[in-house]
Amino acid sequence: MNPPPTAPTVPAPTALTRPASGPQPVHSSVICVAAPSLVVSAEDGQLRGQGLDGFYQEGRRVLARCEVRLAGAEPIPVLGTLLSADRARFVAVVRIPGDTGPDPAVTVERLRDADGTERITVLNTGPAVLRLPLEVALGTDLAELGAAAAGRAGPDLPASVCDAGLRWSHAGIGVRVTARPAPAGVLASAGVLRWELAVPPGAARTFELRVSRESAAHGSAVSAPVRGDRAPVPWSAAELSGDDARGEALLRGSLDGLRALLLRDPARLADVHVAAGAPWRMGLAPADALWTARMLLPLGTRLAAGTLRTLARLQDRDSGRIPGVLRHSGPHLPPTCSGVEATLLFVTVLAEARRWGMPEREAELLLPAAERCLGWLRTVADAAGYVPDPAPGGPLRCEVQAHAHRAALHGADLLDAYGRPGAGAWREYAAGLRGRFQEDFWVDDRGGGRPAAALTPGGRQMIHLGSAAVHLLDTGLLGGGTLAEGLLGKARTGQLARLLGAPDLDSGWGLRTLSARAPGHSPFGHRGGAVRVHESALAVSGLAAAGYEKEAAALLRGVLDAAGTFGRQLPEMYAGEQRAADRTPLPHPTACRPSAVAAAGAVHLLTSLAGVRPDAPGGVVAVRPMSTAPLGAVRFSGLRVDEQPFAVRVSRLGMAMVEEAAPALQLGA
């Protein structure tokens, strides 16, 4: 006989725990993502309503508490891990009366999907029938993600009983949790679902919970997207194999994280872009989306096309500017505006996507938006051609001038390609900017000199050095598989390479955002000393292209080593502590993970080994691998050039052999 039902063993409902105000640490959290949904919990899998705990859909916490108890006790956690970016597994054990030895007789497994589904399996490995109650305590505050992130969660809302579960509603928003099989008892006042278990030896019982958002006014469910409804993956199934298996694992983990961040544009569902990162930035961030699309071009142009079309619809038609927000710039400069970067980067992504094989008609339809971006550049550039950031009268940052120079050359490339006027003027602008930049931004010193980080409105050089300088190496792809001319000459590029390879900037696990010698340096500073993955990746590709492979290889291996600490899914940033034998990279407590630019940066880092430089309109592809072969022999397959599969093998001697390519492509010098 089953034991008689007993009262649920849960505390009286109280307000959800409110931590101190400020960004909540997430570095030790298990985060499942299926944009625009995510789930955040501690490693034990219990959702307690603390910090950012909860299921989120469309930026709203639809479930804050989901606590499992057996016979009134919480299981003892033994594992909490991601199976993929959108699925997690938690395993715990339970000791029950009658266990005579040290071995627990009950295992509890929770498989959690970011789409709002959780399956709880109770396995009896003991010799007798397991008879005990299973309880799941649920609750929510329907808080917005921003409020939960700042520690401003609301009180637990009262629940009501619905079919096979519980329901909550507030301010026109409703949510329900339904269970299968239906619970034996539901106590709305405590938010508890209860089952009476009778599990034979060696058997298991599984219970499924589904969280769905609904219209509180009509009671109709609006579930999170299921897997079949998710945005289609707009890149190829690229693979990496070779001597160093870490590269293959990093590529696989990075693409998995990017898949979880895919979003459809509501204005045109066929156009797909990425959310910036979980848990803080689950929407479109134009600059991050463009960087991601650009660094994934070796895997196809569909993400770039969808991102560019989405941003063209958001572009201010009068000014030509792409929207953006202010963001922190470190201890020495005022906040920068990501819209400045995005507006200039739009032109580059379109020009390079065309070189990788975006269909000419698609690229031509986006040309008016690129011309508006160039019009904005013409309007905001000062008399010397410099672009202030974030607004007129603001500082002249070195990386912004690099973006403007590259946009001018790519703009000229596009205008020529489609017979539009103005290409010559933009090349003249770029040439003038190069001359003035080398005179105004170079700081001579006894160490060989360095680029200034910025000029103040009064013309004073700001000489602190950080990873922003790598944008001076990122010149961009032009026709014939050639790279554009940069703002620095050959000698000064060599000096910058030496600076980037020095230990005050190269932490041993990637490039610091601010030199360890600079005033205000902090290993945890967003722009004050932490390592940002995508800038380290740009440094690797830029240094390799300029011929400084020793420095490039050291940075590449350092980031790859750091990736092992983070389970082959690199966070947006991590602490820039100096590498030592007794240390591992420290996580940043508020970094996004997965992060679109970090994941795409990892892909860019790896594809830099092959150095593929296509010119699909010209029917040419050049391959310039790193001759030092820092990861030994590698083979890339499933890349895309001219919308066709592309595969390349690089030997341990740094020699490349193209194994698969579009028939019309000729191998360039």
Side-chain angles (χ1 to χ4, degrees), residues 22-42 51-54 56 58-59 61 82 84-86 88 114 144-146 148-150 250 253-263 273-293 295-296 307 324-328 338 341-342 467 509-510 513 523-537 559 562-563 565-576 585-605:
Q24 305 302 305
V26 293
H27 60 286
S28 61
S29 298
V30 179
I31 304 176
C32 305
V33 185
S37 301
L38 74 154
V39 197
V40 183
S41 77
L52 274 179
D53 278 10
Y56 294 83
E58 303 285 352
R61 179 156 62 183
L82 287 173
S84 61
D86 61 351
E144 292 184 353
L145 174 58
L250 179 57
S254 300
L255 294 179
D256 179 48
L258 285 164
R259 275 191 294 271
L261 294 173
L262 285 173
L263 291 171
H273 59 271
V274 292
W280 316 106
R281 306 171 69 205
M282 288 296 290
L284 173 63
D288 291 55
L290 285 166
W291 276 115
T292 301
M295 291 189 290
L296 287 185
T307 302
V325 297
L326 291 177
R327 63 187 180 195
H328 186 58
S338 63
E341 184 176 17
S467 61
W509 288 308
T513 49
F524 289 96
H526 279 60
R527 303 282 174 177
V531 173
R532 299 185 71 88
V533 174
H534 93 279
E535 287 186 328
S536 292
V559 174
T565 300
F566 299 108
R568 306 301 171 194
Q569 190 182 87
L570 284 162
E572 169 191 11
M573 59 186 163
Y574 45 91
L586 297 177
H588 193 290
T590 61
C592 286
R593 182 168 176 246
S595 159
V597 291
V603 176
H604 184 69
L605 188 87

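Everything numeric here is computed off the predicted structure, so don't read it as measured data.
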### Task
Check each of L570, L255, V559 against L250 using the side chain to side chain contact (heavy atoms under 4.5 Å, CB included) test, and report the only one that passes.
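That would be L570.
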Which pair of heavy atoms, one from [X] and one from [Y], lies closest together, and at what distance?
| X | Y | answer |
| --- | --- | --- |
| L38 | A278 | CD1-CB, 4.3 Å |
| A289 | V274 | CA-CG2, 4.1 Å |
| P279 | L52 | CG-CD1, 3.8 Å |
| A275 | A596 | O-CB, 3.4 Å |
| A600 | L258 | N-CD1, 4.0 Å |
| A285 | A276 | CB-CB, 3.8 Å |

Heavy-atom side-chain proximity of [X] to [Y] below 4.5 angstrom:
| X | Y | value |
| --- | --- | --- |
| H588 | H27 | no |
| L605 | V533 | no |
| F524 | M573 | no |
| L82 | C32 | yes |
| V33 | M282 | yes |

Nearest 0.5 angstrom please: [X] [atom1] to [Y] [atom2], how far?
| X | Y | atom1 | atom2 | value |
| --- | --- | --- | --- | --- |
| L263 | L284 | CG | CG | 8.0 Å |
| L261 | T292 | CG | OG1 | 8.5 Å |
| E535 | W291 | CD | CH2 | 8.5 Å |
| R259 | S84 | CZ | OG | 8.5 Å |

Please check if the side chain of [X] supplies one atom and the backbone of [Y] the other of a donor-acceptor pair under 3.5 Å.
| X | Y | value |
| --- | --- | --- |
| W280 | T590 | yes |
| R61 | D53 | yes |
| T513 | G529 | yes |
| T307 | H273 | no |
| S338 | V325 | yes |

### Message
Whether E572 and R532 form a salt bridge (side-chain N of Lys/Arg under 4.0 Å from carboxylate O of Asp/Glu) is what I want to check.
### Response
yes
### Query
Does the distance from a Lys or Arg side-chain N to an Asp or Glu carboxylate O, for D288 and R281, drop under 4.0 Å?
yes
### Query
Looking at residues at least two apart in the chain, or sitting in another chain, which of them share a side-chain contact (heavy atoms from CB on, under 4.5 Å) with A342?
P286, A287, L290, I322
### Query
Would you call the rings of Y574 and F566 parallel, tilted or perpendicular if under 30° counts as parallel and over 60° as perpendicular?
tilted
### Message
My understanding is that only residues two or more places apart in sequence, or in another chain, count here; which of them pass ring-ring contact (aromatic ring centres under 6.0 Å, His included) with H604?
### Response
none
